[in-house]
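Keep in mind that the numbers below use all heavy atoms, side chains included, and drop hydrogens, waters and symmetry copies. Fair warning: this is a prediction, and the values are worked out from it, not measured in the lab.
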Amino acid sequence: MRYVGDGVLALPQAHRQFERIFTHVYIPKAFDIWAVCEKSDAHYVGHAEIKPRPTSSDFEIVYLHSEPHWGRGDATEIARRLIEYGFAELKLPRAVATIDEANLASIRLVEKLGMKRIGDERDEHGLTIVYAIESETTE
């Protein structure tokens with residue numbers, strides 16, 4: 001979470017932010033979002049989504065999970081499944097990921113999945129790197 005928005009929030013702040021996001025920011029049924037849970041006990045560990053980018057016709061994969069689950073391969077599996085879902089179910093020609101330049105773990109992850117750097121974007125938070133992977137049906 002250190003690379004997302006304002007980073008890790010206290011629980012009351014997180015509740016308020018999620019309430020605002022899911023009632024005012026995200027248009028209902030505009031895109032797919034899932035809770036990510038442990039297989040063993042259904043404990044919530046994060047979320048995943050594939051959503052339209054406001055600046056293009058692309059869809060972006062997003063995966064967030066809690067620190068105790070870092071380094072176990074969970075994010076790789078989540079990102080792989082999001083890409084597969086985007087191609088198989090949504091029939092997307094490509095999927096993109098935007099990553100903070102300092103988030104080296106996510107950069108390695110998307111490169112391992114075959115995503116290629118296609119550009120950079122800069123905003124008030126700094127440099128974001130844009131990666132993409134083309135659907136095999138459009139190559």
Side-chain angles (χ1 to χ4, degrees):
M1 288 297 300
R2 73 177 150 234
Y3 301 110
V4 178
D6 296 324
V8 177
L9 302 174
L11 195 54
Q13 292 173 303
H15 283 284
R16 284 192 303 275
Q17 181 167 324
F18 270 82
E19 177 68 24
R20 181 185 63 78
I21 288 171
F22 289 107
T23 59
H24 295 95
V25 175
Y26 290 159
I27 300 166
K29 301 184 188 222
F31 60 89
D32 297 311
I33 184 167
W34 301 271
V36 177
C37 300
E38 283 281 1
K39 288 181 182 179
S40 61
D41 62 5
H43 178 81
Y44 174 81
V45 298
H47 80 271
E49 57 193 71
I50 186 164
K51 64 182 183 178
R53 293 198 73 211
T55 59
S56 74
S57 61
D58 288 320
F59 274 64
E60 177 178 4
I61 64 168
V62 178
Y63 47 91
L64 305 166
H65 63 296
S66 58
E67 188 173 0
H69 299 275
W70 294 356
R72 300 182 345 170
D74 296 351
T76 302
E77 182 173 348
I78 293 165
R80 180 179 291 117
R81 300 278 187 210
L82 287 168
I83 292 167
E84 290 170 356
Y85 179 83
F87 293 157
E89 301 298 323
L90 301 178
K91 309 296 185 213
L92 300 176
R94 75 176 180 173
V96 301
T98 58
I99 303 171
D100 183 289
E101 70 174 328
N103 191 344
L104 301 180
S106 275
I107 289 170
R108 283 190 302 274
L109 183 156
V110 298
E111 288 177 346
K112 180 168 64 172
L113 294 178
M115 297 185 94
K116 304 291 184 212
R117 186 176 185 162
I118 62 166
D120 299 335
E121 297 175 354
R122 188 168 293 282
D123 64 14
E124 68 274 7
H125 300 291
L127 181 65
T128 300
I129 303 169
V130 182
Y131 282 84
I133 187 168
E134 305 290 326
S135 169
E136 291 180 7
T137 61
T138 60
E139 292 179 341

Please report the closest heavy-atom contact between [X] and [Y], naming both atoms and the distance.
| X | Y | result |
| --- | --- | --- |
| F87 | S135 | CZ-N, 3.5 Å |
| A97 | E60 | CA-CG, 4.3 Å |
| I99 | S106 | CD1-O, 3.6 Å |
| A95 | I83 | CB-CG1, 4.4 Å |
| T128 | T98 | CG2-CB, 3.5 Å |
| L113 | I133 | O-CD1, 3.4 Å |

Practice problem: In plain terms, say whether R94 and E134 are close enough for a salt bridge, that is, a side-chain N and a carboxylate O under 4.0 Å apart. | Solution: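 Result for this pair is yes, salt bridge flagged.
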
Quiz item: Are E111 and R108 close enough for a salt bridge, meaning some N to O gap below 4.0 Å?
Solution: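 Looking at E111 and R108, the cut-off is not met.
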
Exercise. Verify side-chain contact (heavy atoms from CB on, under 4.5 Å) between I50 and E89, making sure each step is shown before the conclusion.
Key: CA-CA 11 Å; I50 186 164; E89 301 298 323; over 6 Å; no

Exercise. Following the transitive rule for hydrophobic clusters with a side-chain heavy-atom cut-off under 4.5 Å over Ile, Leu, Val, Met, Phe, Trp and Tyr, establish whether V110 and V96 coincide in one cluster.
Key: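 Different clusters.
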
Rounded to the nearest 0.5 Å, what separates atom [atom1] in [X] from atom [atom2] in [Y]?
| X | Y | atom1 | atom2 | result |
| --- | --- | --- | --- | --- |
| H65 | E38 | NE2 | CD | 10.5 Å |
| L127 | D100 | CG | CG | 8.0 Å |
| Y63 | L82 | OH | CG | 9.5 Å |
| K51 | I61 | NZ | CD1 | 12.0 Å |

Quiz item: Just wondering, do R53 and V130 contact through their side chains at under 4.5 Å, heavy atoms?
Solution: yes

Quiz item: Step by step, would you call E77 with R80 a salt bridge (charged side-chain N to carboxylate O under 4.0 Å, His left out)?
Solution: CA-CA 5 Å; E77 182 173 348; R80 180 179 291 117; over 6 Å; no

